[in-house]
Amino acid sequence: MDGQDSSYNPNLPPSHYTPMIPPLTTDVKYNLYDTNTSENKPFNDVNGMLQQIMSIVDQSLDEAQSRKHAFNQSRLKPAFFQVLCEIKEKTAINIRNFPEDEPPDAQLMRLDNMLLAEGIAGPERLGGSSTSSSAASANAAASINDESALEHGDYRAKLSQIRQLYHSELEKYEQACNDFTSHVINLLHEQSRARPISPREIDRMVAIIRKKFSSIQLQLKQSTCEAVMILRSRFLDARRKRRNFSKTATEVLNEYFYSHLSNPYPSEEAKEELARKCGISVSQVSNWFGNKRIRYKKNIGKAQEEANLYASKLANQAAQGVGSMRRDSDSSHHGER
DNA sequence: TACCATGATTGGCT
DNA sequence: AGCCAATCATGGTA
């Protein structure tokens, strides 16, 4: 075998050996390991040793126990264990056919990427995302950001809550995994004095444990991703997060609508101005007019009062002298109602 | 809690 | 691209 295996000595020095399983007998005779007794001599050459081991099942418990201890003290034991380890490597272990280098799980990678993208898994990042975006889209009414700042903060708070939970859980699993792994390693090391265990076997066991724990982590990551998705859909889906426009905004929009009732189709420039006045986006203005037109048409009777309301409002404004800058198309053509 | 109001979305049309 | 109509999903309220 290679140098790694040949250098491996599965045994502590015999003098340090303490049996894990206490002798079944309390008879002191077999607890004194006298290497000078005739029974122990056969362990000094390979053939004798093998013979002793093979016939151990025929012996009484006490006798077998005694031989076991004699074997443990034999100078041939390390070499013997080494051979057994090599045989194991070639046969029994391979039956399990443990995949040595399994490809990284695709799902796990996806989850990791997402967690990284959401700022859950990566390093803590400072909340500078909104400042740059608002600067970039200056025309999109600064007050929108003000209005949604509270919710945005709420979103970030919930996200960091998820992040915190994720990290503490992850750490917990990591800790548990390490504890368990070192425990098993210790156990195997201890057992390697009594039975042939190769370092590769231990490595494999560690790999198995890590795999088990990583599947637990996978579940954690999965549920974290789920939580983030739910959070996102709650907070970032505008449709779900519909807010009524402010009273002044609807007033401005209605004012325009009823003063242009004959042709309630604001131009792009008009939309932009309305958007600016109302602190909403242009597409929101378009939505509003779309909804308004269709709903006005559907229920003209009901809208009549509203129309009168805004008509009188306009009249008042005109009477108060604001009318110096006449509203262009209002009085000239509103024949239909 | 039921019901209506309202902003957003979707699909089809021009 | 802009619009209409239907629809969704939530907000507000009696």
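What you see is a predicted model, and the numbers here were worked out from it, not measured in a lab. Below, read A as the first sequence line, B as the second, and so on, with proteins coming before strands; counting in each chain starts at 1.
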Atom CD1 of A:Ile280 to atom C1' of B:dT6: distance rounded to whole Å? 12 Å

Distance test, side-chain N/O of A:Arg243 to OP1/OP2 of C:dT10, below 4.0 Å: no

Could you state the NZ-C1' distance from A:Lys292 to C:dC3, rounded to the nearest angstrom? 18 Å

Would you classify A:Lys271 as touching base, sugar-phosphate or nothing, given that sugar-phosphate means primed atoms plus P, OP1 and OP2, and contacts are heavy atoms under 4.0 Å? sugar-phosphate

Under 4.0 Å between a side-chain N/O of A:Arg295 and OP1 or OP2 of B:dA5, yes or no? no

Quick check on B:dA8: is either OP1 or OP2 less than 4.0 Å from any side-chain nitrogen or oxygen of A:Gln284? yes

Is any side-chain heavy atom of A:Glu268 closer than 4.5 Å to one of A:Val282? yes

In whole angstroms, the gap separating P of B:dG7 from CZ of A:Phe245 amounts to 5 Å

Can you name the residues that form a ring pair (Phe, Tyr, Trp, His ring centres under 6.0 Å) with A:Phe245, not counting sequence neighbours? none

With a cut-off of less than 4.0 Å, is there a side-chain N or O of A:Asn287 near OP1 or OP2 of B:dG7? no

Checking B:dA8, B:dG7, C:dA5 against the side chain of A:Trp288 (C-beta onward), the nearest is B:dG7

Distance-only donor-acceptor test (3.5 Å): side chain A:Asn291, base B:dA8: yes

Considering only B:dA8, C:dA5, B:dT6, which nucleotide approaches the side chain of A:Asn244 most closely? B:dT6

Residues 213-225 of chain A side chain polar contacts: donor-acceptor under 3.5 Å, at least two apart:
unit_1   : atom_1 : unit_2   : atom_2 : d
A:Ser214 : OG     : A:Lys211 : O      : 3.0
A:Ser215 : OG     : A:Lys212 : O      : 2.7
A:Gln217 : NE2    : A:Glu174 : OE1    : 3.4
A:Lys221 : NZ     : A:Asp112 : OD1    : 2.8
A:Ser223 : OG     : A:Gln219 : O      : 3.2
A:Ser223 : OG     : A:Leu220 : O      : 3.0
A:Thr224 : OG1    : A:Leu220 : O      : 2.7

Between A:Tyr296 and C:dA5, is there a side-chain N or O to OP1/OP2 distance below 4.0 Å? no

Positive for ring-ring contact (aromatic ring centres under 6.0 Å, His included) with A:Tyr310, one of A:Phe257, A:Tyr258, A:Tyr296: A:Tyr258

